[in-house]
Amino acid sequence: MAEADLFEFLTRMGDNTLILGHRVSEWCGHAPVLEEDIALANTALDLIGQTQLWLGLAAEVEGKGRTADDLAFLRDAGAFRNLLLVERPNGDFGQTLMRQFLFDAWHHAMLSALCQSADPRVAAIAEKAVKEVAYHLERSADLVIRLGDGTEESHGRMQAALDDIWPYAGEMFLADATDAAMAEAGVAPDPAALKPVWQATVGEVLSDATLTAPDTDFSHKGGRIGIHTEHLGYILAEMQFLQRAYPGAVW
Amino acid sequence: MSSEWPLWEIFIRGQHGLNHRHVGSLHAPDAEMAIRHARDVYTRRNEGVSIWAVKSDDIVASAPSEKGPLFDPSNSKVYRHPTFFDIPDEAGHM
């Protein structure tokens, strides 16, 4: 297995948590109620914490003297490897929750598999993160059910959110040469192998939530190889501004 | 919106063997959500091993106006404190 493949895989993991963490943090101070505001901020902080581990290891594997911070703040959009799903705009609370739930269901399955990784450094990060993500999934699934099977208004919003985000879910299960190399080396599972677990979780929750997934296999893709929607540029502009304008600035 | 959710009083046990202590209150639509919210609002810094949530409506409180009859009579009963015993030196500090 080439180190370049491992670096690629690690940035995919770290960029997912970095971009989603940043997205969720945008709710801070704006959530519908104080309790949800704090819960969202907690989730965002968990994801940023996991980013430090994934990108820290990526930088170490790369061996070019870069740090996790360098990777987060000094790469351009084309070098980011996150799923398109996580850069989708927050929309309303329902859209944010639905995006979170579909991601959490995948994230939990992925991390559970990574706990068995042949690379002990990867397994160690997964074991720490999977506990946090188990709670993320419990929380987002519960809220999707409550709001989906809630009032006419909340049901309508959750169904609209599902219709909107669904075409971005399929990218989680697409495999390329990097994934094949990871699976071959026993470092990470074949993405397609996670789909049955994900479908079982999502199917059960959507059914309890009285929501219907769109009947389509179409999927947007490209994030994992650096081809992003226009939304990522705006995220990076805000996130990276300080380090770009004042290189090397510290607290 | 939060005005439609009932208020809950949250009690956290910090360590095994200690009592649950009142830490504050929050709004939640039901008991399960009250526990979740309490986890997110009050245990972010590793404060607890157990959470109790009690509907604020279910707490019965003494009325401040009854303070006199309730508490004043015990003011003058110094003999209820065990301060009239000589503690043997061998017993040490108690």
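Every chain is numbered from 1, with letters handed out A, B, ... down the list of sequences.
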Checking B:R36 against chain A: side chain, backbone, both or neither under 4.5 Å from a heavy atom? both
Can you confirm whether more than 12 heavy atoms, excluding those of B:K77, are under 6.0 Å from its NZ atom? yes
Residue part contacting chain B, namely of A:D142, when any heavy atom lies under 4.5 Å: side chain
Would you indicate whether B:N46, at its atom CG, is surrounded by more than 12 heavy atoms from other residues, nucleotides or ligands within a distance under 6.0 Å? no
Around atom CD of A:E204, are there more than 12 heavy atoms of other residues, nucleotides or ligands at under 6.0 Å? no
Counting only heavy atoms from other residues, nucleotides and ligands, does the tally under 6.0 Å from CZ of B:R44 exceed 12? yes
At what distance, to the nearest 0.5 angstrom, does CG of B:D40 lie from CG of A:D37? 11.0 Å
Bottom line for A:R146: the part with an atom under 4.5 Å from chain B's heavy atoms is side chain
With salt bridge (Lys or Arg N to Asp or Glu O under 4.0 Å) as the test, would you mind laying out the steps for B:R39 and A:E138 before giving the verdict? CA-CA 13 Å; B:R39 181 264 190 200; A:E138 200 180 304; over 6 Å; no
Take B:M33 and A:L143 through the side-chain contact (heavy atoms from CB on, under 4.5 Å) test and state the conclusion after the steps. CA-CA 10 Å; B:M33 288 291 286; A:L143 287 173; 3.7 Å; yes
I'd like to know if the side chain of A:E35 reaches the main chain of B:V41, judged simply by a donor and an acceptor atom lying under 3.5 Å from each other, with no hydrogens or angles considered. no
A quick test of your reading: do over 12 heavy atoms of other residues, nucleotides or ligands sit less than 6.0 Å from CH2 of A:W166? yes
